[in-house]
Amino acid sequence: MKTPGKVVVGKSGSIKGSLEGTDAHFEGAFLGKLTLSGTLTLKSTANIEGDVVVGKLAVEPGASFNVSCAMQGHKKQLKDAGQQKAIG
């Protein structure tokens, strides 16, 4: 499933499969492939398994996060003695 908006999954909710979007807020379960350009927020009752690619990650203590995870973000510029170096 692909969505342009935020996905919210409550405590008794679950998603199995593929999800692509901007932001997601989980209190329930997810099993599959999750790709988000924004933030994944996991509350203490969340149970996430599978493959995850996110821009940012926020996890409360108690959440289960058993995944292969990649963080994608913007490259930042650092100045070092007049030279710029890209990191990220």
Side-chain angles (χ1 to χ4, degrees):
M1 171 172 53
K2 186 173 183 176
T3 180
K6 181 177 183 177
V7 174
V8 177
V9 179
K11 286 182 184 180
S12 62
S14 67
I15 296 176
K16 183 177 181 181
S18 168
L19 177 63
E20 185 177 338
T22 54
D23 299 300
H25 179 103
F26 278 91
E27 292 184 48
F30 180 84
L31 174 62
K33 183 173 182 177
L34 180 61
T35 305
L36 301 173
S37 59
T39 303
L40 172 61
T41 303
L42 304 179
K43 299 308 249 178
S44 62
T45 55
N47 183 6
I48 309 299
E49 296 184 33
D51 296 314
V52 174
V53 177
V54 296
K56 295 180 183 178
L57 180 63
V59 182
E60 279 189 359
S64 175
F65 191 61
N66 297 309
V67 302
S68 169
C69 183
M71 302 276 301
Q72 60 185 11
H74 300 288
K75 291 187 178 183
K76 297 179 182 177
Q77 297 289 327
L78 288 183
K79 272 195 160 180
D80 183 18
Q83 299 177 350
Q84 287 190 351
K85 295 181 180 180
I87 62 168

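Keep in mind that this is a model prediction, so the values were computed, not measured. Only heavy atoms go into these numbers, but all of them, side chains included; no hydrogens, no water, no symmetry mates.
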Q: Test side-chain contact (heavy atoms from CB on, under 4.5 Å) on L57 and V52 and set out the steps.
A: CA-CA 10 Å; L57 180 63; V52 174; 6.0 Å; no

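- In this structure, L31 is not a member of the same hydrophobic cluster as V59, with clusters built from ILVMFWY side-chain heavy atoms closer than 4.5 Å.
- Identified under the salt bridge (charged side-chain N to carboxylate O under 4.0 Å, His left out) test for residues 21-32, with sequence neighbours left out: none.
- When all heavy atoms of A24 and L36 are compared, the closest pair comes out as CB-CD1, 3.6 Å.
- Contacts of S64 classified as side-chain hydrogen bond (donor to acceptor under 3.5 Å, both in side chains), with partners at least two apart in sequence or in another chain: N47, N66.
- Proximity of I15 to L34: side-chain heavy atoms (C-beta onward) are nowhere separated by under 4.5 Å.
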Q. Does the pair Q72 and V54 meet the rule for a side-chain contact (heavy atoms from CB on, under 4.5 Å), with working shown?
A. CA-CA 6 Å; Q72 60 185 11; V54 296; over 6 Å; no

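- Atom SG of residue C69 and atom CG of residue L40 lie 8.0 Å apart, to the nearest 0.5 angstrom.
- Applying the ring pair (Phe, Tyr, Trp, His ring centres under 6.0 Å) rule to pairs touching residues 36-70 yields nothing, sequence neighbours excluded.
- Using a 4.5 Å cut-off between side-chain heavy atoms of Ile, Leu, Val, Met, Phe, Trp and Tyr, with links allowed through other members, L42 and M71 fall into the same hydrophobic cluster.
- Take E20 and apply the salt bridge (Lys or Arg N to Asp or Glu O under 4.0 Å) test, not counting sequence neighbours, and it matches K2.
- Residues in residues 31-60 take part in these salt bridge (charged side-chain N to carboxylate O under 4.0 Å, His left out) pairs, two or more places apart or across chains: K43-E60.
- For residues 27-49, the pairs satisfying ring pair (Phe, Tyr, Trp, His ring centres under 6.0 Å) are F26-F30, with sequence neighbours left out.
- Residue pairs that meet the salt bridge (charged side-chain N to carboxylate O under 4.0 Å, His left out) test with at least one member in residues 3-12, sequence neighbours left out, do not exist here.
- In this structure, H25 and V9 have side chains that are not in contact, with every pair of non-hydrogen atoms separated by 4.5 Å or more.
- In terms of heavy atoms, S44 sits closest to P61 at CB-O, 3.2 Å.
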